[in-house]
Every structure is written in structure tokens, then in C-alpha cells.
**Q** 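Here's a structure for you.
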There are 2 protein chains.
Amino acid sequence: MRASQRVYEQLRAEIIDGDLPPGQVLAEVEQSQRFGISRTPVREAIGRLAAEGLAEQQGGRGVVVSEVTVDDITPLFEVREALDIQAARLAALRGNPAEFTALADQLESVAKDFDTGPVHHDSSAAYYDLVEQMDRAIDSAAANPWLDAASSTVRMQLARVRRLAAHDPSRLAAAAREHAQIARAVSTGSAQLAEAAVRLHLSNALKSALAKAPPHPPAPEQADADQVAAASSS
Amino acid sequence: MRASQRVYEQLRAEIIDGDLPPGQVLAEVEQSQRFGISRTPVREAIGRLAAEGLAEQQGGRGVVVSEVTVDDITPLFEVREALDIQAARLAALRGNPAEFTALADQLESVAKDFDTGPVHHDSSAAYYDLVEQMDRAIDSAAANPWLDAASSTVRMQLARVRRLAAHDPSRLAAAAREHAQIARAVSTGSAQLAEAAVRLHLSNALKSALAKAPPHPPAPEQADADQVAAASSS
DNA sequence: GCAGCCATCTGTGTATACATTTGGGGCACG
DNA sequence: CGTGCCCCAAATGTATACACAGATGGCTGC
């Protein structure tokens, strides 16, 4: 595989996983030494990261991992809402009803598992797998490459902020039922119903995420991140 | 300015304007000679173009200007619909009503100009300027950087396909009224009304665009672009 | 004469060296 | 002692050189 591709995927994974924290400088020479390659492919990889918003120029000198705070959750959800709703609408119109009926059944089954007893790792893993499966099914049914591309960027950013607001296990059952409702709505072929189901789910998901980490209500003094960090560590 | 930036902007403009037609190969050495610089910044510029979908890899060897056909109009409008609706909804909630009231008044005034007599170049230029002004006002009021970024990509592609479906002068008056309705709806602060106005406008705009260049109805044989080109030239 | 294989050649992928710019630190002056 | 300017150093931006892969054309064997 091309070296630039490897470096890009590696750096992207490290940024999303939080191994490279926001504000971390991505020096070309440093990374090239770390990966044992030259600056050229590293430079290309960092350029792609910057284009996707995972990194950004620090003045004219240096690229740093971009900041993501709880304040970004709401704007990101606004974009996700627009894209997911449209994807669900199109999937309702174009998708294979049987496929989504099956997904809805499986999701409801998982939701019942969550009800009966404590949440096992197996069942939650099965749930996440089903959600990913449904996302792929919706994207595939929507059959719109540009929609996929736009969703991809937003989902990457959301994967980062998900670390900021640890999910609530007690919401798993409700979330599973919401996902089942989405699949069921898509299977009916009604764009309006699909839109309503997605809107409902995202509204609840956003509320849950913000409940854990409420956005900064007041901003009396305009202190930058460094000053805040210094103050909290003192 | 950085050479890579100049080359990027130049190539992007040439692709959007159609000076570099779809399928045109973007050879690094060729472009570097044309701009009188080395391959390195040209490579970076082409990489950015590929990331935005204006160019794409040609089977591992070479990058070519990406194809855009009338068949892409509908998918692009589907994404645009999702993003523009959300932007208008947010602008309705957060924007300054007076600003959009003023825009609505100006747009209605232009629409009346279109009615009274033949369309002059001045009035159509003023109209396009107002539309651009309103787009910026909506984006600004929505105050969502990620929404802006997603819209930017789609708008760039739409600028390309606009060349495929020359706009209808007789629709200018109706389009101006639709834009005025959007501004008016945003000024009322009703997200639902704004959504309806945008949806109506885009539906009409898409219909008009497709009327000029209907999508390929049947595809009896699955011939790729090269074969089609070869057949038509023989 | 045709088909398959090999050489060559063009073009991208990577490495390295040079230029430029920016940011900071130190020194001098007020 | 504070402030401002200048010099330097480090990191990015650009250029050039090398390596490799894929395609194309000719050549040879059948």
C-alpha cells in the first residue's frame, strides 16, 4: 500500500481515538521519523487530515490536531440531522422493504434483550453491529455518492466527540427501539415517516449527549485553551 | 501566495468553467511545466481537487477531471436540498428578521423588473448578486461551519452541471419570486415555513434543469464512457 | 499472419536537498 | 527596567533526483 495512505489512516485513527489529543502538533519531520519514511507522504497525509477538518493550520507555521468540544456537538448534530433525514427519506423511496423489515425485527429483539437483564457486552456489540449494518443499508438504498461523502466527514467528527460524552447504558434499550422504528419506517416506504423517526432519534440522542456534558453556558472572560488548561492545572 | 494554492485555484476554476473537460488527464509534469513550477505543489493541488471530487484516480495511473453528466443533477439536488433546508431552518431560528425582510423586498423588486420588460443584463446580474447575498446571509445566520463546508462541495459540483443545463430566462421571474419567498419565510422565524419555501424552490429549479436535459431514460447496454465516445466518433 | 512475450518508456510515488517564512529570544536603547 | 528591533533557528514550502509500476510497442516464435 502507498506510504501516504498508511500514514493517513494511522494518524486519522489516532486522532479519532484520542491518542493524538486536540492541540497536538503534527510536525512533518517528527512524523516522518516515527513512521520511518520521508516528509513527502507525511505531508500529503497531513494535508488530507486538514482538508477533512481533523487538523488545521496553526498560523502559517505548523499543523495541529483540531479542537472538538462539547460545544461542537449541537452543530454537528444539525448537519447529521439534515443528511440522515435525507438518506432515510431516499432509502424509504428506493430501498427493499424486506431488508429493513428484517433489520427492524432484529433491532427490536436486541431491545428486548436490553430490557430483560443487565447489558452484556455481547448484546451491546450485536446492537452496534446492527446499527452499522442499518446505516450501510440506508446509504446503499439511498444510492447517492455525494450524500455518502458528506455523511462520512460528519460521522468522523462525531466519532471524536463521542469520546467527550460517554454514552449512557440505560439509554441503550430506548436507542435500539428508536433504530428499530427507523428501520420500520423505511420499510414502509414512507419518506415522511422515515424523516420523523430519524428526527425523533437524533433529538433524543442529542439530548442524552448534552445531558452528560452540557455546553459552556457563560463565557465571562475570553480565555483561550492554554490559559484555561493552565488555570485548571494550577 | 503559495504556489500550490495558486495552481489549485487555477485548476479548480478551469474545471468548473469547463476549460478542462471531464476525462482530461491532469499530468503532474505537464501542469508543472505549464505553471513553471515543480511537480510538488502541482501534486498537492491535484490531491486537493481529487479530495473534493473534481478529479479522480484513473485506475492507479493518472488523475483525470471527473465526469459530470445530467444524471448527476438529481443526486446533487438531493444533497443540496438536505443542506439548504437545514441552513434555512437554522437561519429562520437564529437570523436577524430585518435583514431577510430587506432581502425579500429587493428580490421582489427584481422580480417585478423581470415582468415589465425583456430581461436586461443589468437586472439579471443584480438578481444573481442578490441570490449570492442571500446565500451568504443564510449561511452566516445558520452559524454552522460544518454545514458551510458540506454545502461548499455540493455547490462546486452544481456550478459544473449548471453548464450542462443552460438556464431558462423565462424562469428568472419565477425563480426571483421563489427566492423572495425563502427570504420572507426566514424573516418570519418559522423553520417549517423556511423549509417549505426552499423545498418548493429546489423542486422547481430541478424540474427546470431536467426539462432542458432529461436524464438518459434507458440504458439497454452497459457501455462505459470510453466505449460510448469511441462509438460516437466512429 | 497472429499471438504472446519482453523491452522500453512514460508517469507516478518517494526521498533528499535547498529556499523561504515565521516565531522567539536576546541585545540595545530609551 | 521596559520596550522594540534584529538576528537566528526551526519548520514549512519548493525543487530536483531516484525508484518503481503500468502500459505500449515491437519482435519473435508458432
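Reckoned from all heavy atoms, side chains included, excluding hydrogens, waters and symmetry mates. Numbered from 1 within each chain, the chains take letters A, B, ... in sequence-line order. Just so we're clear, the structure is a prediction, and the values are computed from it rather than from any experiment.
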**Q** Could you list all N or O pairs between the protein and nucleotides 19-25 of chain C that sit under 3.5 Å apart?
**A**
residue : atom : partner : partner atom : Å
C:dT22  : O2   : A:Arg61 : NH1          : 2.6

**Q** Contacts to DNA chain D from residues 24-41 of chain A, heavy-atom cutoff under 4.0 Å, which residues?
**A** A:Leu26, A:Ala27, A:Glu28, A:Arg39
**Q** Can you list everything that forms a salt bridge (Lys or Arg N to Asp or Glu O under 4.0 Å) with B:Asp72? Sequence neighbours excluded, please.
**A** none
**Q** Return the value, rounded to whole Å, for the distance between atom CZ of B:Arg6 and atom C1' of D:dT14.
**A** 12 Å
**Q** Could you pull out all residues at least two apart from A:Ala142 that satisfy side-chain contact (heavy atoms from CB on, under 4.5 Å)?
**A** A:Leu90, A:Leu147
**Q** D:dA21 P sits how many Å from B:Gln57 CD, rounded?
**A**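 Between P of D:dA21 and CD of B:Gln57: 16 Å.
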**Q** Taking side-chain hydrogen bond (donor to acceptor under 3.5 Å, both in side chains) as the definition, give me every residue that meets it alongside A:Arg136, ordered by chain and number, with sequence neighbours left out.
**A**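 Listed in chain order: A:Glu132.
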**Q** Could you tell me whether a side-chain N or O of A:Ser66 sits under 3.5 Å from a main-chain N or O of A:Glu56, the two making a donor and an acceptor?
**A** no
**Q** With sequence neighbours left out, what residues match A:Asp17 under side-chain hydrogen bond (donor to acceptor under 3.5 Å, both in side chains)?
**A**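 Not a single residue meets the side-chain hydrogen bond (donor to acceptor under 3.5 Å, both in side chains) criterion with A:Asp17.
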**Q** Mind checking what makes side-chain contact (heavy atoms from CB on, under 4.5 Å) contact with B:Asp71, not counting sequence neighbours?
**A**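 Per chain and number, B:Asp71 pairs via side-chain contact (heavy atoms from CB on, under 4.5 Å) with B:Thr69, B:Pro215, B:His216.
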**Q** Could you work out, with side-chain hydrogen bond (donor to acceptor under 3.5 Å, both in side chains) as the rule, every residue matching A:Glu14, not counting sequence neighbours?
**A**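 Scan of A:Glu14 (side-chain hydrogen bond (donor to acceptor under 3.5 Å, both in side chains), adjacent residues dropped) gives A:Gln10, A:Arg34.
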**Q** Under the side-chain hydrogen bond (donor to acceptor under 3.5 Å, both in side chains) rule, what pairs show up with a residue in residues 78-89 of chain B, not counting sequence neighbours?
**A** A:Glu81-B:Gln86, A:Gln86-B:Glu81, A:Arg94-B:Glu78, A:Asn144-B:Glu78, B:Arg80-B:Asp84, B:Glu81-B:Arg199, B:Arg89-B:Glu195
**Q** Holding to side-chain hydrogen bond (donor to acceptor under 3.5 Å, both in side chains), I want the full list of residues that pass it with B:Ser32, two or more places apart in sequence or in another chain.
**A** none
**Q** Got a sec? Which of residues 42-56 of chain B come in under 4.0 Å of DNA chain D, heavy atoms?
**A**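 Here the set is empty: none.
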**Q** Can you give each donor-acceptor pair under 3.5 Å made by side-chain atoms of residues 40-50 of chain B, sequence neighbours left out, with the distance rounded to 0.1 Å?
**A**
residue : atom : partner : partner atom : Å
B:Arg43 : NH1  : B:Glu28 : OE2          : 2.8
B:Arg48 : NH1  : B:Gln5  : OE1          : 2.9

**Q** Would you mind reading off the distance between B:Arg2 atom CZ and D:dA15 atom P, rounded to a whole angstrom?
**A** 13 Å
